[in-house]
Amino acid sequence: MPEANDKLVPASCPHDCGGRCFLNIHVKGGVISRLETDDGEKPQIRACLRGRAYRQRVYSADRVMFPMRRKGARGEGKFERISWDVALDTVASQLNRVKSAYGAGSLFFLYSEGARGYLHNSGTMRRLLNLFGGYTTRWGGQSAQGCSYACWATYGTLITDESRDGLIDSRLIIMWGWNPAVTIQTPNTTYHLARARESGARIVSVDPRFTETAAAFASASGGWIPIRPNTDVAMMLAMACVMIKEGLHNRRFLDKYTVGFDRFKDYVTGKEDGIPKTPAWAEAITGVPAATIESLAREYATSKPAALIPGWAAGRTAYGEQFHRAAMTLAAMTGNIGIRGGSAAGFGRPPLPFQKVSTYGFELPFPIGKNPLEEGAPSATHLDNALHDRYKVNTPKIWDALLKGKAGGYPDDFKLLYILCGNSLNQLLNTNKGVEALKSLEFVVVHEQVMTPTARFADILLPVNTHLERNDVFAPVSAGPYLFYSNQAVDSLGESKSDLEIASELAPRLGILNYNDKTEDEWLRELVEWGDFAEHIDDYDRFRNRGIWKWPLAEPALAFKEQIEDPEHHPFPTPSGKIEIYSQRLADLNNPGIPPIPKYIEAWENRNDPLSRKYPLQLITTHSLVRAHSTFYGVPWLQELEPQVVQISSADAQARGIGDGDEVRVFNDRGEMRIPARITERILPGVVGINQGAWYRPDENGIDRGGCVNILTRDERSPGGAFITNTCLVQVEKVKNR
Ligand SMILES: Nc1nc2c(c(=O)[nH]1)N[C@H]1C(S)=C(S)[C@@H](COP(=O)(O)OP(=O)(O)OC[C@H]3O[C@@H](n4cnc5c(=O)[nH]c(N)nc54)[C@H](O)[C@@H]3O)O[C@H]1N2
Ligand SMILES: Nc1nc2c(c(=O)[nH]1)N[C@H]1C(S)=C(S)[C@@H](COP(=O)(O)OP(=O)(O)OC[C@H]3O[C@@H](n4cnc5c(=O)[nH]c(N)nc54)[C@H](O)[C@@H]3O)O[C@H]1N2
Ligand SMILES: [Mo]
């Protein structure tokens, strides 16, 4: 209950998590005193522990309060406070200097998804730099490029799935590298899993780790199927092999809705390459017993309906596109696409109203505009990556591009780096290379809320307010069915400003006079009165006062319903109009790394790689319960809940003389960190796990003491562009006491 002089402010949370939940902020004397969450009508959109700890993030000692200018060497983290005028004049003069000396392409704009409001996001600076003349930037999502590539090739769209309330109809749910109790994909997913289990669904997890979701929901018998990382496709092919051999696949569905199954069948049976993809063949690769593969194949083919739900992590691997293509093929073989309680094994996006806005990057009322340097570039859905490379840099190669420029085959030589809404040094692959890249530039600008490892490398660091210090509208990544109006609760801390305010003040200094002619409230009002928003929300002020707008769904939102019920009038948005198990567009690329049918292609840095003699453990780098990537790092309540550790099996620990809690070195040729070991039976021997997102904190020898996983990862690219966070060999050793 609010106390007498409390003000209650309805808000939400905009960070890069699959959530978006309701927060009720208590404000006393202009200061946030505590936070509550949704207690209203059902479904309640209750915030997780991160949202509820947000007060500690707003008032964190890490907050950047004033504009700062670098004092020592770049990266040393020494700064002096300067005025906004000096800071903005400096940024403007550097932008003008670099553009006139080297051309607009030499400006590299590196933005990420740290703020996902409809108004306050990286689009504010994108608009300004588009008007300024353009820049080079990245292509390929860090989250799920492997999955989106596979969706475009197979289905022609990312709107591929059913809303989670549909899980109640599933008889079998296969969580394939999917851990939604921790890695939030949609608020309330675990509620729907609980309902499915109560109504009798069997729930299985295929994962190198026994996850929290498996612990809560997987069936007691055979519910956890541990698998070696990066080998999932072999198991999926063997499941297909069992179905084909036993005649369990849905021929009617395959004939009517798909193309190319025969080509896939020839590969699976060994007709194409002489190797039948049998369960015994897969057992040797995956470590999963042949009998387990056989029984899961039979169960999946005969439980109707059944939902195979892939997470994105198994696709953030070398050739990760194949994982998603194979999952979709199994969904087609079992006829589980476009039906209630099934799953297309797609991108996780149902056809809810705001999905098309967030998935297709519609021009919202705030006009981001176009980058003039990308004139003629193909849309992101184009499967020929060589075309994207001409205009942009694939995300895993950003550091390499900054270091090598044109000589390395990249579109330009880069001089100025502008970073926004990302902790890129920490979150992109191969942090040590990132350090070199950041040092090599002429100038680095960062807009940040907190003093991240990336912010420490800024020449000019501009302080940004948090969402509780401004107003915005948010939709959950799943697109609802609800929307939030997140109200400003307190004044901006220190001299911090929103990116929109910063860009508005920078614009005239760059000679741009038409950047922004509206207030925050005017932009948000226009947004809510626009398109899909207006269809669902009839009163801006009421929406704003309530902070949340829910509308009931009569039934689960289901992708491909029309395509399945009435294929004559509703083709799939692919060239053939069908689900493309065989893709002619992929065949035309003529690249064995992206074959036209899904194939098992052995990853580099796998257990058979000669490198495994030196670095025998496969590292997976998962998302954390207490952070959204690196956001929320350092919040004391959260840090206490989940210390940063390396999870190692007791077998691997014993072989190395490591005890629980011992400090260990985790290392390979790219880098080294020292963190405590957590010995567990919940991870497959041969595999170690570290949560991504802890801040990089190098000691005087360059050894990371913070536990930043990307000190270890390899900055390689996959043929389909997948961002590769889970293909990495390491060794773990006990630190000797001296
Ligand atoms: N709490 C929280 N929620 C988040 C985020 C966050 O940082 N924190 N981030 C959000 C974002 S941006 C994203 S992209 C998503 C990420 O969502 P995901 O990519 O699905 O999440 P991860 O935690 O990386 O991995 C999910 C599971 O995959 C398993 N796994 C890893 N490698 C393999 C493999 O090779 N094979 C198999 N079978 N399993 C494997 C891991 O053990 C883990 O249990 O989560 C979103 N939700
Ligand atoms: N090894 C490994 N690496 C990974 C992953 C993995 O699983 N393993 N996951 C990858 C994935 S899926 C993702 S999506 C990326 C995420 O990569 P990033 O987006 O770089 O990660 P975040 O830590 O969320 O960084 C967001 C930053 O934006 C800041 N921020 C928040 N709001 C605002 C704002 O309004 N304005 C400005 N200017 N800044 C703001 C936050 O303080 C934070 O520092 O990481 C990727 N990296
Ligand atoms: Mo992500």
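All ligand and atom numbering here is 1-based and tracks the order in the structure. Remember, predicted model here, so these are calculated numbers, not experimental data.
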Provide the number and element of each atom of ligand 1 under 4.0 Å from a heavy atom of [X].
{"X": "Asn179", "answer": "44 (O)"}
{"X": "Trp176", "answer": "38 (N)"}
{"X": "Gly311", "answer": "20 (O)"}
{"X": "Val182", "answer": "1 (N), 2 (C), 3 (N)"}
{"X": "Ile227", "answer": "38 (N)"}
{"X": "Asp232", "answer": "34 (C), 35 (O), 36 (N), 37 (C), 38 (N)"}

So which atom in [X] and which in [Y] form the shortest heavy-atom distance, rounded to 0.1 Å?
{"X": "Gln692", "Y": "Arg627", "value": "O-NH2, 2.9 Å"}
{"X": "Gln618", "Y": "Asn606", "value": "NE2-CA, 4.4 Å"}
{"X": "Gln644", "Y": "Asn691", "value": "NE2-O, 2.8 Å"}

- Message: Does ligand 1 come near enough to Gln185 that some N or O of the ligand is less than 3.5 Å from an N or O of the residue?
- Response: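 By distance alone, the answer is yes.
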- Note on the structure: Those residues at least two apart in sequence (or on a different chain) that pass salt bridge (Lys or Arg N to Asp or Glu O under 4.0 Å) with Asp459 are Arg70, Arg74
- Would you please write out the protein residues whose heavy atoms approach any atom of ligand 2 to under 4.0 angstrom, listed by chain and number?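 Protein residues near ligand 2 are His15, Asp16, Arg57, Ser112, Glu113, Gly114, Ala115, Gln142, Ser143, Arg316, Leu420, Cys421, Gly422, Asn423, Gln427, His447, Glu448, Gln449, Val450, Thr452, Val464, Arg470, Asp499, Thr621, His623, Ala628, His629, Ser630, Thr631, Gln692, Val709, Asn710, Thr713, Phe723, Thr725.
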- Knowing that exactly one of Asp609, Asn668, Asp669 qualifies, which makes a side chain to side chain donor-acceptor pair (under 3.5 Å) with Tyr615?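 Exactly one candidate clears the test, Asp669.
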